[in-house]
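Below: one structure, written as structure tokens.
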Amino acid sequence: MKIAPKKVKMPRQKPKVRVTNFNEVALGYTKEQAQQEARRCLQCKKAPCIKACPVEIDIPSFIAKIAEKDYRGAIRKIKEANLLPAMCGRVCPQEGLCEKACILSKKYEPVAIGRLERFVADWEIQKGSPESSSLPSSTGKRVAIIGSGPGSLSCAGDLVRLGHSVTIFEALHKPGGVLVYGIPEFRLPKAIVGREVEYIRSLGVEVKTGYVIGNIYTLDELFSQGYDAIFIGIGAGLPKFMDIPGENLNGVYSANEFLTRTNLMKAYLFPQYDTPIKIGKRVAVIGGGNVAMDASRVALRLGAQKVFNIYRRSPQEMPARVEEVQNAKDEGVEFKFLTNPARILGNKEDWVTGIECIKMELGEPDESGRRRPIPIKGSEFIIGVDIVVMAIGAGANPLLPSATPDLKVNKWGYIVIDETSGKTSKESVWAGGDIVSGAATVISAMASGRRSARAIHQYLMKALQPRDFS
Amino acid sequence: MYKILNKQDLGPSIKEFLISSPEIARKAQPGQFVVVIIDERGERIPLTIADYEREKGTITIVVQEAGKTTYQLGGLNSGDTLFDVIGPLGIPTHIENKGTIVCVGGGVGIAPIYPVARGFKEFGNKVISIIGARTKELVIWEDKIASVSDEVYITTDDGSYGRKGFVSDELQRLIKGKKEFALVFAVGPTLMMRAVSEVTRPYKLRTIVSLNPIMVDATGMCGACRVSVGGKTKFVCVDGPDFDGHQVDFDQLLSRQRIYLQEEKKALQSCDSANKHSRIK
Ligand SMILES: Cc1cc2nc3c(=O)[nH]c(=O)nc-3n(C[C@H](O)[C@H](O)[C@H](O)COP(=O)(O)OP(=O)(O)OC[C@H]3O[C@@H](n4cnc5c(N)ncnc54)[C@H](O)[C@@H]3O)c2cc1C
Ligand SMILES: Cc1cc2nc3c(=O)[nH]c(=O)nc-3n(C[C@H](O)[C@H](O)[C@H](O)COP(=O)(O)OP(=O)(O)OC[C@H]3O[C@@H](n4cnc5c(N)ncnc54)[C@H](O)[C@@H]3O)c2cc1C
Ligand code: SF4
Ligand code: FES
């Protein structure tokens with residue numbers, strides 16, 4: 001059989017239409033499209049895609065089930081390794097993971113593994129309530145999980161399926177971490193996140209929202225309440241600013257604030273929802289990552305007439321996914337490469353009126369291996385804008401670590417762990433996700449959550465064994 | 001869901017709520033606050049924990065109706081529930097035995113000085129409280145403040161109660177009266193906290209103010225609450241809310257508090273018309 005060189009295209013909203021709404025851009029495969037794409041898979045014996053998946057989904061098996069129209073079987077296969085497929089199918093950077101490793105990619109486009117994963121996950125959602133797996137009898141051990149991002153959710157899912165009693169403590173009023181406050185509705189509908197969290201709940205995980213651990217309880221207080229082990233998955237939620245003049249003017253947002261107001265607080269539905277957001281006519285978003293793409297595209301949908309994306313290096317160095325950059329371009333975002341903000345200008349009432357930038361050129365490679373941008377003297381120019389969004393990265397929030405002096409952190413404030421188990425310097429405490437690695441991906445956070453779940457399980461079971469008194 | 005156990009009107013547009021929240025009550029310290037969300041569509045608004053009783057599992061908040069959310073809160077009654085109450089947040093006020101402490105409370109800021117004054121008193125300090133408001137009906141919690149103070153001075157802008165003038169004038173008078181003070185702690189409208197800081201600056205009298213910028217998450221995640229203090233940007237929700245009043249850029253705080261004036265008006269209007277609508281029904 002001849003292999004189609006290209007992936008089956010996924011239907012999506014047209015750029016002109018989608019910038020006027022917050023609905024999902026990519027619409028997902030139909031059954032026919034999914035089967036057609038599934039048939040492109042070669043069913044490799046030593047499938048390289050599996051190894052490239054951080055949670056090692058048995059990719060050829062689930063794709064084979066799709067081709068056989070056994071969708072129930074396909075979703076079961078995926079859920080053996082990944083409890084949150086509807087989200088991963090949408091936001092994982094497959095082009096750098098499973099699809100990059102796919103044999104087909106040597107000659108053709110790889111199998112659209114992400115789209116197929118999404119397809120079966122959505123199929124299950126449409127079917128109604130997900131299958132609940134039967135749980136083993138209780139071990140009587142209790143685990144507290146701090147934060148409710150993907151790392152925590154996958155750790156919780158694994159532990160509860162091993163018979164432990166699990167409680168998640170989340171600081172915000174809704175569970176999901178970046179998936180609810182950061183990634184916009186049009187890339188990851190909040191109803192989908194809600195469903196996946198509900199599924200974890202249905203397995204028996206207790207989710208307590210509005211608990212800022214470090215303040216309401218310290219880790220030691222959780223232990224004295226009877227928890228036997230703790231997993232920390234609090235993310236890297238501290239917004240960075242550039243430290244340039246004018247950053248505290250009215251109209252300057254961190255990407256976190258801009259996205260949290262819009263996604264978590266639903267400011268795009270103001271005044272039906274109470275939280276407001278300033279809608280700019282001309283918006284500058286600073287940064288070249290996925291967060292900057294999300295902020296730019298949110299600004300357009302809120303009603304900005306013009307959105308500039310300002311990035312100090314060239315397109316080749318952009319950390320954002322190629323697909324997201326293309327989406328932003330198609331929607332009309334104007335890119336200013338090799339450009340760096342020098343200061344933000346304001347009027348008498350302290351409102352932003354513009355941003356002064358300087359042109360850059362690329363010099364020698366720096367520590368990251370990317371060529372270092374160097375300012376070109378005398379090339380300053382001003383872009384007139386009324387809103388500026390800083391999307392230049394995030395760091396470790398010190399709230400919990402500073403309330404836990406015996407928890408070792410590195411010089412950037414990230415928690416230090418043993419790489420094989422996720423174990424921290426503190427007795428009975430594990431950690432994973434962005435608070436360990438720095439800002440990374442949903443799937444790497446999930447993989448580290450699983451790793452810690454395995455280690456926590458071993459630790460708890462050892463404690464259950466009868467003591468040797470000899 | 002958090003239950004309102006009791007509600008009291010303290011004066012025109014100032015309401016006191018007793019809320020059942022045993023876990024927060026157990027951990028609350030003077031100077032800390034909570035975030036309140038009224039319903040599923042609600043904003044997250046910060047309110048100071050004005051009192052707490054650990055054994056009874058209750059906290060008290062005192063709210064001035066200022067806009068949509070606080071009006072809506074003001075309309076709730078005992079037996080009603082709040083969608084969420086999150087806390088305790090912020091770094092507790094640093095309390096130690098220092099000598100004589102002046103606690104200055106303006107308007108609805110009178111309530112938040114109560115736990116702080118009580119804390120300083122329990123640590124063996126002499127506590128002098130200056131409380132004031134625009135007019136007599138807005139002077140709240142006089143008895144409670146008196147119960148934890150060695151001396152209480154009262155001012156009103158219109159002279160309807162206590163001495164006519166501002167709390168900062170009263171502070172100026174006490175300082176000129178050659179009293180020796182170790183520390184001034186002030187809570188109230190931003191302009192009042194600035195005035196107090198200006199009064200004490202020439203005397204190099206240490207002055208702590210509790211700032212009230214606009215907040216969203218109140219866990220250090222968004223930066224909405226940032227204010228320059230001593231030339232450095234601070235996140236008030238996690239680095240404060242208490243700061244050295246002589247270092248705070250009050251002008252910046254004042255203008256950042258005005259970011260959403262237009263939107264706030266719109267929110268209030270849409271909620272007014274919704275209320276009228278439901279009344280007609
Ligand atoms: C705008 C944006 C877009 C992104 N897009 C993608 C994408 O397309 N694909 C991708 O793979 N990755 C993407 N990422 C990165 C990805 O979302 C993160 O790497 C991932 O969510 C990290 O997961 P985590 O488990 O470490 O926790 P997080 O998702 O960061 O969640 C941590 C949670 O812990 C809570 N918390 C913090 N402190 C406390 C405390 N003291 N007590 C209780 N709870 C606490 C926080 O409120 C938060 O809910 C994006 C990130 C952002 C910001
Ligand atoms: C640490 C802290 C403690 C506070 N304690 C008290 C208290 O004990 N009692 C009390 O009555 N008020 C207190 N406030 C102020 C209170 O949070 C605001 O009055 C309230 O948020 C106004 O909301 P609104 O919708 O009713 O009014 P709006 O019409 O939205 O706003 C009125 C004014 O309140 C401020 N404000 C608006 N939204 C917020 C927000 N999300 N966070 C903070 N300020 C905002 C703005 O400056 C605005 O101009 C405190 C604020 C902070 C930061
Ligand atoms: S590498 Fe590609 S072709 Fe081979 S099994 Fe995986 S998805 Fe199929
Ligand atoms: S309110 Fe978000 S960082 Fe302070």
Side-chain angles (χ1 to χ4, degrees), chain A residues 170-174 178 181-182 208-212 214-218 221 234-241 243 247-261 264-267 269-279 346 348-351 390 394 397-400 402, chain B residues 2 23-24 26-28 32 34-35 37-45 67-69 72 83-91 216-228 232-233 235 237-238 249 251-260 262-264 266-271 274:
Chain A
E170 165 56 47
L172 294 171
H173 59 283
K174 273 190 204 155
V178 170
Y181 79 72
K208 291 188 164 203
T209 52
Y211 281 76
V212 182
N215 281 13
I216 184 100
Y217 298 121
T218 61
E221 283 167 333
I234 55 175
L238 185 77
K240 284 190 183 149
F241 288 92
D243 244 344
E247 255 181 330
N248 292 348
L249 286 169
N250 291 352
V252 182
Y253 286 99
S254 74
N256 269 3
E257 183 185 354
F258 194 68
L259 293 170
T260 300
R261 283 183 181 272
L264 179 70
M265 306 309 296
K266 303 227 181 297
L269 299 173
F270 178 86
Q272 286 96 294
Y273 281 73
D274 289 346
T275 304
I277 192 162
K278 273 287 163 194
I279 299 186
K348 276 213 296 288
E349 287 81 44
D350 288 333
W351 278 96
M390 290 292 169
N397 187 331
L399 193 151
L400 177 59
S402 63
Chain B
Y2 291 79
E23 291 174 286
I24 298 177
R26 205 175 305 138
K27 280 311 273 285
Q32 290 189 299
V34 288
V35 156
I37 308 173
I38 292 183
D39 58 33
E40 237 149 295
R41 296 180 169 207
E43 196 171 4
R44 298 170 62 99
I45 66 159
K68 157 101 189 344
T69 306
Q72 208 183 333
F83 178 72
D84 217 342
V85 179
I86 301 169
L89 299 166
I91 299 173
V216 183
D217 63 299
T219 65
M221 185 266 274
C222 78
C225 61
R226 64 195 191 278
V227 172
S228 293
K232 289 213 175 72
T233 295
F235 290 2
C237 67
V238 286
D249 184 343
D251 288 335
Q252 188 179 78
L253 176 60
L254 281 165
S255 66
R256 290 188 62 80
Q257 283 168 336
R258 298 166 55 87
I259 295 180
Y260 297 102
Q262 283 170 339
E263 288 78 7
E264 284 154 6
K266 197 166 153 192
L268 200 53
Q269 278 162 1
S270 77
C271 117

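Letters A, B, ... are given to chains in the order of the sequence lines, protein chains preceding strands, and every chain is numbered from 1.
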For Leu259(A), is it the side chain, the backbone, both or neither that has a heavy atom under 4.5 Å from a heavy atom of chain B?
-> neither
Please identify each residue that fulfils salt bridge (charged side-chain N to carboxylate O under 4.0 Å, His left out) with Glu263(B), with sequence neighbours left out.
-> Lys278(A)
Kindly give the heavy-atom pair with the smallest separation between Cys237(B) and Cys225(B), and that separation in Å.
-> N-SG, 3.6 Å
Does any heavy atom of chain A fall under 4.5 Å from the side chain of Thr69(B), the backbone, both, or neither of them?
-> side chain
Determine whether the side chains of Asp350(A) and Ser255(B) contain a donor N or O and an acceptor N or O closer than 3.5 Å.
-> yes
Heavy-atom proximity to chain B below 4.5 Å, by part of Phe258(A) | neither
Close side-chain approach of Tyr181(A) to Asp217(B), heavy-atom, < 4.5 Å = no
Residue, of Ile45(B), Val35(B), Val216(B), that accumulates the most heavy atom pairs under 4.5 Å with chain A = Val216(B)
What residue, out of Val238(B), Ile37(B), Asp39(B), has the most heavy-atom pairs lying under 4.5 Å from chain A?
-> Ile37(B)
Of Gly87(B), Ala224(B), Ala218(B), the largest count of non-hydrogen pairs under 4.5 angstrom with chain A goes to Ala224(B)
In terms of heavy-atom proximity below 4.5 Å to chain A, should Leu89(B) be classed as side chain, backbone, both, or neither?
-> both
Which bit of Arg26(B) comes within less than 4.5 Å of chain A, counting heavy atoms only: side chain, backbone, both or neither?
-> side chain
Shortest non-hydrogen separation from Phe241(A) to Tyr253(A) and the atoms involved = CE2-C, 4.5 Å
Which atoms of Leu269(A) come close to chain B, meaning under 4.5 Å heavy atom to heavy atom: side chain ones, backbone ones, both, or neither?
-> neither
Supply the atom-to-atom distance Glu349(A) CD to Asn250(A) CG, rounded to the nearest 0.5 angstrom.
-> 10.0 Å
Which atom names give the shortest non-hydrogen contact between Asn215(A) and Lys27(B), and what distance separates them?
-> O-NZ, 3.5 Å
Work out which heavy atom in Cys222(B) is nearest to a heavy atom in Ser254(A); give both atom names and the distance.
-> O-OG, 2.6 Å
Please determine, among Met265(A), Met390(A), Arg261(A), the option with the most heavy-atom pairs under 4.5 Å with chain B.
-> Arg261(A)
Most heavy-atom pairs under 4.5 Å with chain A, out of Glu40(B), Glu43(B), Arg226(B), belong to Arg226(B)
Please check if atom NZ in Lys266(B) has more than 12 non-hydrogen atoms from other residues, nucleotides or ligands closer than 6.0 Å.
-> no
Option in Asp251(B), Asp249(B), Thr219(B) with maximal non-hydrogen atom pairs under 4.5 Å from chain A | Thr219(B)
Got a sec, which residues hit side chain to side chain donor-acceptor pair (under 3.5 Å) with Thr218(A), two or more places apart in sequence or on another chain?
-> Glu221(A)
Under 4.5 Å from any heavy atom of chain A - which part of Ile24(B) = both
Which of Ile216(A), Thr209(A), Leu238(A), Asn397(A) touches chain B most, by non-hydrogen pairs under 4.5 Å | Ile216(A)
Okay, Glu23(B) and chain A: the region with an atom under 4.5 Å from a heavy atom over there is both
